[in-house]
Amino acid sequence: MPNNKITGAEALMRSLENEGVTTLFGYPGGAIMPSYDALYDHRSTLNHILVRHEQGAVHAAQGYARVSGKVGCAIVTSGPGAMNTVTGVADAMIDSTPLVVICGQVGAAFLGTDAFQEVDVIGVTQPITKWNFQIRRAEDVAWAVSRAFYIAKSGRPGPVVLDFTKNAQTSLVDYEPKRVDFIRSYLPVPQIDETAIKTAAKMINHSERPFMLVGQGVELGDARKELRELIEKANIPVGCTMLGLSALPSDHPLNKGMLGMHGNLGPNVLTNQCDLLIAVGMRFDDRVTGNINTYARQAKVIHFEIDPSEVNKNVHADLAVLGDCKQTLAEVIKYVQPADNSLWISRFTPYEQQENEKVIEPAIHPAEGPLLMGEVVRRVSELTENKAILVTDVGQNQLFGCRYFKFTEGRSVLTSGGCGTMGFGLPAAIGATFGAPERTVCLFVGDGGLQMTIQELGTIMEQHTPVKIILLNNNYLGNVRQWQYLFFHKRYSFTPMLNPDYEKIADGYGIKARTVVERKDLDDAINEMLQTDGPFLLQCAVMEEDNVLPMTPPGANVDEMMLEIK
């Protein structure tokens with residue numbers, strides 16, 4: 001009889017193919033070497049992107065997942081390799097990004113012996129994953145992989161870690177594909193309660209000042225169409241969280257802008273004046289609510305949510321509508337009546353005018369002086385016809401980026417929200433070019449964040465990934481400096497940055513680069529960047545002590561926004 005047995009490592013590759021994986025990001029090492037050896041024979045079907053650091057692998061997988069709607073996949077070795085992914089796994093957990101991270105591990109016989117490059121990956125990652133599992137037998141590979149992908153992508157998405165012992169990779173097994181689509185006691189999508197649907201519609205119909213808060217859940221649930229139908233039928237103004245910004249086109253008349261600490265004035269102020277607050281796929285983060293004790297106390301609250309643990313966690317909901325928002329919004333639409341609400345909506349206008357005059361126009365159309373971050377962001381957005389994917393790092397580049405970039409398409413915002421991970425931007429942008437190869441990917445990054453994962457320029461060089469890198473260089477850790485200016489008596493403790501020559505660095509990696517200092521050169525430089533086939537680094541020497549406004553100071557009420565710094 002012929003021997004049909006294969007190694008556990010080969011079973012992993014076949015299982016990944018069985019799950020529809022075509023792209024994975026990783027870095028080889030000793031404990032994962034058998035799997036990399038198996039991967040050698042699957043290069044035509046599994047496109048492996050060699051990153052320059054394991055943190056880059058997991059952030060790239062996040063970028064891939066967020067723009068494609070698929071599960072991102074990373075593969076690394078044991079010990080330090082696995083530990084280097086932990087920041088990205090935590091980031092994916094809080095931002096609900098579907099990932100499967102496969103880590104090598106020492107052989108099962110050596111577990112607990114402090115063997116070379118052994119770390120308790122299961123213990124470390126248990127609090128920051130939807131599920132983690134140690135594969136100790138080749139017989140468990142197919143089941144574990146299928147279960148991992150099912151858990152990562154179902155319900156509220158999130159990361160899964162598989163800890164793959166070396167003996168399980170080398171042992172032989174009779175491989176049989178598995179398909180996990182049910183797990184006892186795991187209910188990823190709550191059953192829709194028809195009473196809650198009708199009650200929500202009734203509350204909307206009877207409200208005079210409804211206001212909807214839209215989070216990333218609308219994007220994750222592919223519910224953009226249903227969202228638009230509902231708000232247009234009931235004439236409900238909308239504010240978006242940072243991760244939910246592209247759920248509705250920026251120029252939609254009911255889109256009143258971004259919520260939160262550095263959001264738009266109108267949405268924040270009128271949160272505390274509406275009579276009905278409708279939250280869809282968002283978790284009432286503290287950066288959105290400000291002082292929780294005074295947040296929307298006058299309003300009834302409806303919370304559309306797929307994860308029951310988020311309901312009443314931060315803000316009390318008078319009504320919870322549990323389920324996939326694509327389905328629950330569609331059901332509510334059936335019972336909602338057309339409404340006018342024009343008087344209520346007109347209340348946003350004076351706040352828009354005030355913010356536009358005091359903050360927005362000076363930020364995007366300065367009369368003189370050095371380049372400003374806001375004007376750079378807006379011009380890049382305009383010259384891409386507002387169709388590009390916005391990727392940001394963390395800091396002022398993130399806040400200016402999200403405030404002044406405009407969106408016409410969904411899945412266009414890629415930023416580290418809940419974790420605020422500096423260094424996220426560059427590898428995430430690489431992943432985005434593989435997740436949406438037909439789209440332009442624009443990364444806005446600060447001089448601090450770029451240097452945290454700057455080695456991934458090597459990945460860009462090797463793959464010729466067409467990331468358009470806009471470096472907003474102010475020679476500071478800008479966001480920390482702003483807080484030091486406002487709340488620490490201008491004591492700039494270790495926030496000034498001595499920077500390298502970024503054009504020389506880019507040249508070393510074979511990446512075209514240009515530096516802009518004068519406003520008159522900005523459009524020409526942006527057009528050169530966009531017309532370049534492949535990657536480009538555009539360094540903009542921006543005002544060193546520019547500040548992001550408006551701003552709700554920490555601990556203040558959501559409607560107590562500063563429009564200027566005196």
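Keep in mind that the numbers below use all heavy atoms, side chains included, and drop hydrogens, waters and symmetry copies.
- In this structure, a donor-acceptor pair under 3.5 Å is absent between the side chains of Asp559 and Asn268.
- Two residues are said to be in side-chain contact when any heavy atoms from C-beta on lie closer than 4.5 Å; Ile32 and Ile75 meet this criterion.
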How far apart are the C-alpha atoms of Tyr502 and Gln451, what are their side-chain angles, what is the distance that settles it, and do they pass the side-chain hydrogen bond (donor to acceptor under 3.5 Å, both in side chains) test? CA-CA 10 Å; Tyr502 290 106; Gln451 292 186 79; 3.0 Å; yes
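- Heavy atoms from other residues, nucleotides or ligands lying under 6.0 Å from CD of Glu357 number 12 at most.
- In this structure, Lys406 does not pair ionically with Glu382, as no charged nitrogen and carboxylate oxygen lie closer than 4.0 Å.
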Do Lys326 and Glu226 pass the salt bridge (charged side-chain N to carboxylate O under 4.0 Å, His left out) test, and can you show the C-alpha distance, the side-chain angles, and the key distance before you say yes or no? CA-CA 6 Å; Lys326 186 175 181 66; Glu226 289 75 13; 3.1 Å; yes
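- Judged by the 6.0 Å and 45° rule, Arg378 forms no cation-pi pair with Tyr404.
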Pairs under 3.5 angstrom only: tabulate donor-acceptor contacts from the side chains of residues 81-93 to other protein residues two or more places apart or in another chain.
unit_1: Asn84; atom_1: ND2; unit_2: Glu54; atom_2: OE1; d: 2.9
unit_1: Asn84; atom_1: ND2; unit_2: Pro80; atom_2: O; d: 3.2
unit_1: Thr85; atom_1: OG1; unit_2: Ala82; atom_2: O; d: 2.6
unit_1: Asp91; atom_1: OD1; unit_2: Gln62; atom_2: NE2; d: 2.9
unit_1: Asp91; atom_1: OD2; unit_2: Ser416; atom_2: OG; d: 2.5
unit_1: Asp91; atom_1: OD2; unit_2: Thr421; atom_2: OG1; d: 2.7

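- Residues Leu245 and Cys240 have side chains in contact (heavy-atom distance under 4.5 Å, counting atoms from C-beta outward).
- Under the 3.5 Å distance criterion, the side-chain polar atoms of Arg156 are left unmatched by any main-chain donor or acceptor of Ser96.
- Within a 6.0 Å radius of CD in Glu438, other residues, nucleotides and ligands contribute more than 12 heavy atoms.
- Here the CZ-OG1 distance, from Phe284 to Thr241, works out to 11.0 Å after rounding to the nearest 0.5 Å.
- From Ile345, atom CD1 reaches atom CG of Leu254 across 5.0 Å, with rounding to the nearest 0.5 Å.
- Distance alone, capped at 3.5 Å, is enough to place a donor-acceptor pair between the Arg403 side chain and the His262 backbone.
- Distance alone, capped at 3.5 Å, places no donor-acceptor pair between the Asp521 side chain and the Val516 backbone.
- Counting only N and O atoms by type, the side chains of Asn475 and Asn499 include a donor and acceptor under 3.5 Å apart.
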Show me, pair by pair, the donor-acceptor contacts under 3.5 angstrom made by side chains of residues 483-492, not counting sequence neighbours?
unit_1: Gln484; atom_1: OE1; unit_2: Thr495; atom_2: OG1; d: 2.8
unit_1: Gln484; atom_1: NE2; unit_2: Ser493; atom_2: O; d: 3.2
unit_1: Tyr492; atom_1: OH; unit_2: Glu545; atom_2: OE1; d: 2.9

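- With values rounded to the nearest 0.5 angstrom, Gln398 atom CD is found 4.5 Å from Met242 atom CE.
- A heavy-atom distance below 4.5 Å is not found between the side chains of Met543 and Leu371.
- A salt bridge between Asp222 and Arg224 is present, with a side-chain N of the basic residue lying under 4.0 Å from a carboxylate O of the acidic one.
- Under the 3.5 Å distance criterion, the side-chain polar atoms of Ser381 are left unmatched by any main-chain donor or acceptor of Val377.
- Counting heavy atoms from C-beta outward, Ile470 and Cys442 have side chains that approach closer than 4.5 Å.
- Sorted by first then second residue, the salt bridge (Lys or Arg N to Asp or Glu O under 4.0 Å) pairs that include residues 265-274, not counting sequence neighbours, number zero.
- Lys512 is linked by a side chain to side chain donor-acceptor pair (under 3.5 Å) to nothing, counting only residues two or more places apart in sequence or in another chain.
- No donor-acceptor pair under 3.5 Å is formed between the side chain of Asp393 and the backbone N or O of Val445.
- Side-chain contact between Val288 and Tyr295 is present, with at least one heavy-atom pair separated by less than 4.5 Å.
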Can you give each donor-acceptor pair under 3.5 Å made by side-chain atoms of residues 529-539, sequence neighbours left out, with the distance rounded to 0.1 Å?
unit_1: Thr532; atom_1: OG1; unit_2: Glu528; atom_2: O; d: 2.6
unit_1: Gln539; atom_1: OE1; unit_2: Asn473; atom_2: ND2; d: 2.8
unit_1: Gln539; atom_1: NE2; unit_2: Thr515; atom_2: OG1; d: 2.9

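- In this structure, a donor-acceptor pair under 3.5 Å is present between the side chains of Arg481 and Asn547.
- A donor-acceptor pair under 3.5 Å is formed between the side chain of Asn264 and the backbone N or O of Met258.
- A donor and an acceptor atom, one from each side chain of Thr415 and Thr392, are located under 3.5 Å apart.
- Contact of the Gln354 side chain with the Leu563 side chain is registered, since non-hydrogen atoms from C-beta on lie closer than 4.5 Å.
- Not one N or O on the side chain of Asp507 forms a donor-acceptor pair closer than 3.5 Å with the backbone of Glu503.
- Note that the CG atom of Asn386 and the CZ atom of Phe407 stand 9.0 Å from one another [nearest 0.5 Å].
- Electrostatic pairing of Arg66 and Glu219 does not count as a salt bridge here, judged by no charged N lying under 4.0 Å from a carboxylate O.
- Considering Tyr36, Tyr27, Tyr40 as possible partners of His48, the one that fulfils the side chain to side chain donor-acceptor pair (under 3.5 Å) test is Tyr36.
- Proximity of Ile278 to Phe211: side-chain heavy atoms (C-beta onward) are nowhere separated by under 4.5 Å.
- Contact check on Lys225 versus Glu229 returns a salt bridge, with a Lys/Arg side-chain nitrogen under 4.0 Å from an Asp/Glu carboxylate oxygen.
- Comment: Asp285 does not engage Arg287 in a salt bridge, judged by the lack of any side-chain N to carboxylate O separation of less than 4.0 angstrom.
- Side chain of Lys70 to backbone of Val67: no donor-acceptor contact under 3.5 angstrom is found.
- Separation of atoms CG (Asn47) and CZ (Phe434) is listed at 6.0 Å; rounding is to 0.5 Å.
- Under the side chain to side chain contact (heavy atoms under 4.5 Å, CB included) criterion, Glu385 pairs with Lys387, sequence neighbours left out.
- The structure places SG of Cys73 at 12.0 Å from CD1 of Ile49, a figure rounded to the nearest 0.5 Å.
- With hydrogens and angles disregarded, no donor-acceptor distance shorter than 3.5 Å links the side chain of Arg411 to the backbone of Ser68.
- Side-chain contact of Glu409 with Ser412: a donor-acceptor pair under 3.5 Å is absent, judged by distance alone.
- A donor-acceptor pair shorter than 3.5 Å can be found between the side chains of Glu560 and Asn557.
- Under the 4.0 Å criterion applied to side-chain N and carboxylate O atoms, Arg52 and Glu456 are not assigned as salt-bridge partners.
- Side chain of Gln396 to main chain of Asp546: a donor-acceptor pair is present (N/O by atom type, distance under 3.5 Å, no hydrogens or angles).
- Counting heavy atoms from C-beta on, the side chains of Phe400 and Val542 never come closer than 4.5 Å.
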